[in-house]
Amino acid sequence: MTPPRGRRVAVGTLALGAATLLAIAAPLSAAAHVSLEQNTARPGTFTTLTFRVPNESADGASTTKLTLTLPTGKSLLSSVSFVPVPGWTADLVTSKLATPITNGDDTITEAVTQVVWTADPGSEYGPGSLGIFTLFVGPVPDVGQLKLPVDQGYGDGTVVSWSGSTSADHPAPVLYVDDEPVVDHDADSAPAASVTAPTTEPTQQPDALARVLGGTGLLLGAVALVIALVGRSAKNPHAAKRVG
């Protein structure tokens, strides 16, 4: 039997609402990229670098490895230490400098040039999850900005290089020192689920995706109520005509 017209309209509205939810959520998730929780620092200070690394695999692959390349030369960070992440191994890669750097009475001939995080078996994280990786570095050099490229490795062998400019599809995280920071709109749209917890409390930031999903959820709830009322009315169409 063909359902009443009002019920068909309500069902169609629900389907449209669900399609709208998917259309909104997908671009926001895809826009998220590797970013710093706090992207400014003052020259001469020691600072915490907290990298937010969303999994953006379209094939369901898990993030298994991260390789951060640190600047050298005048932008050298001579002291680097990491905050342990449960289930992940961190290695500090030290290299000899092509040109030694004199810092007061000290001459620096080698320094940490890369930090490599590798997931232990079972600690990889998949799509919809966000990894948090933290370093403590310094002293911050007196430069405009520090570009901090990150290579994100996946379990299927794919490697995404976050090393481009701020306008690129895969921009590198940037620490702004003397330069005015560029507003990072996409950083707030990273997935909300987190599989690794930092030992220090991260800065609270609004989550655009959570706000959109919450608002759309309220809309779909209202549509579901309409369907229930229409269905109830359809089951007893003569109820309003009864005479006592």
Side-chain angles (χ1 to χ4, degrees), residues 29 32-39 41 45-73 75-98 108-141 146-164 170-175 184 186-187 190-203 205:
S29 252
H33 57 66
V34 176
S35 60
L36 287 171
E37 287 279 6
Q38 176 62 42
N39 65 354
T45 62
F46 283 74
T47 190
T48 300
L49 301 178
T50 300
F51 294 86
R52 306 167 76 239
V53 187
N55 184 316
E56 295 187 326
S57 173
D59 301 320
S62 295
T63 295
T64 59
K65 186 176 182 179
L66 294 171
T67 301
L68 166 68
T69 300
L70 297 171
T72 56
S75 299
L76 180 73
L77 294 165
S78 57
S79 176
V80 178
S81 57
F82 62 87
V83 176
V85 176
W88 287 69
T89 300
D91 294 311
L92 302 180
V93 179
T94 302
S95 305
K96 281 191 171 295
L97 301 178
I108 302 173
T109 59
E110 60 181 25
V112 176
T113 55
Q114 283 189 331
V115 182
V116 181
W117 288 275
T118 306
D120 299 334
S123 295
E124 310 89 346
Y125 62 94
S129 297
L130 177 73
I132 302 293
F133 301 87
T134 304
L135 297 177
F136 186 66
V137 302
V140 175
L146 298 179
K147 188 176 181 179
L148 303 167
V150 174
D151 287 341
Q152 182 176 12
Y154 289 92
D156 61 0
T158 302
V159 177
V160 177
S161 182
W162 299 92
S163 57
H170 296 93
V174 175
L175 179 68
D184 189 356
D186 291 339
S194 177
V195 295
T196 55
T199 55
T200 55
E201 183 178 352
T203 303
Q205 294 188 359

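To the nearest 0.5 Å, the span separating CG on Leu146 from OG on Ser75 amounts to 5.5 Å. In this structure, CH2 on Trp117 lies 15.5 Å from OG on Ser123, to the nearest 0.5 angstrom. Going from atom CG of Leu49 over to atom OG1 of Thr134 covers 9.0 Å, rounded to the nearest 0.5 Å. Rounding to the nearest 0.5 Å places CD of Glu124 at 7.0 Å from OG1 of Thr64. Rounding to the nearest 0.5 Å gives a distance of 5.5 Å between CZ of Phe51 and CG of Leu135.
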Show me the side-chain donor-acceptor pairs of residues 155-163 shorter than 3.5 Å, one per line, residues at least two apart or across chains.
unit_1: Asp156; atom_1: OD1; unit_2: Thr158; atom_2: N; d: 3.0
unit_1: Asp156; atom_1: OD1; unit_2: Thr158; atom_2: OG1; d: 3.0
unit_1: Asp156; atom_1: OD2; unit_2: Thr158; atom_2: OG1; d: 3.4
unit_1: Ser161; atom_1: OG; unit_2: Asp151; atom_2: OD1; d: 2.9
unit_1: Ser161; atom_1: OG; unit_2: Ser163; atom_2: OG; d: 3.0
unit_1: Trp162; atom_1: NE1; unit_2: Gln152; atom_2: OE1; d: 3.0

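Applying the side chain to side chain donor-acceptor pair (under 3.5 Å) test to Ser95 and every residue at least two apart in sequence or in another chain returns Thr113. Judged as a side chain to side chain contact (heavy atoms under 4.5 Å, CB included), and not counting sequence neighbours, the contacts of Thr118 are Lys65, Val116. Looking at residues two or more places apart in sequence or on another chain, you find a side chain to side chain donor-acceptor pair (under 3.5 Å) between Asp120 and Thr89. Residues passing the side chain to side chain contact (heavy atoms under 4.5 Å, CB included) test with Val112 are Leu70, Val80, Leu92, Thr94, Val115, sequence neighbours excluded. Judged as a side chain to side chain donor-acceptor pair (under 3.5 Å), and not counting sequence neighbours, Thr67 has no contacts.
Taking the six-membered ring wherever Trp is involved, the centroid distance between the rings of Phe133 and Trp88 falls below 6.0 Å.
Between Leu130 and Pro54, the shortest heavy-atom contact is CD1-N, 3.5 Å. In plain terms, the two heavy atoms of Gly164 and Lys147 that are nearest each other are O-CE, 3.7 Å. Nearest heavy atoms, Pro173 versus Val150: CG-CG2, 4.2 Å. In terms of heavy-atom proximity, Pro127 sits nearest to Gly60 at CG-CA, 3.7 Å.
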field: From CA spacing to verdict: side-chain contact (heavy atoms from CB on, under 4.5 Å), Val34, Val53
entry: CA-CA 5 Å; Val34 176; Val53 187; 3.9 Å; yes

query: Given Asn55 and Ser129, is the side chain to side chain donor-acceptor pair (under 3.5 Å) satisfied, shown in steps?
result: CA-CA 6 Å; Asn55 184 316; Ser129 297; over 6 Å; no

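Counting only heavy atoms from C-beta outward, the side chains of Ile132 and Arg52 approach each other to under 4.5 Å. Counting heavy atoms from C-beta outward, Leu148 and Pro71 have side chains that approach closer than 4.5 Å. Two residues are said to be in side-chain contact when any heavy atoms from C-beta on lie closer than 4.5 Å; Phe46 and Pro139 meet this criterion. In this structure, the side chains of Phe136 and Val83 stay at 4.5 Å or more apart for every pair of heavy atoms. Using a 4.5 Å heavy-atom cutoff, the side chains of Pro141 and Leu76 are not in contact.
Not a single donor-acceptor pair under 3.5 Å links the side chain of Asp59 to the backbone N or O of Ala61. Side chain of Asn39 to main chain of Leu175: no donor-acceptor pair is present (N/O by atom type, distance under 3.5 Å, no hydrogens or angles).
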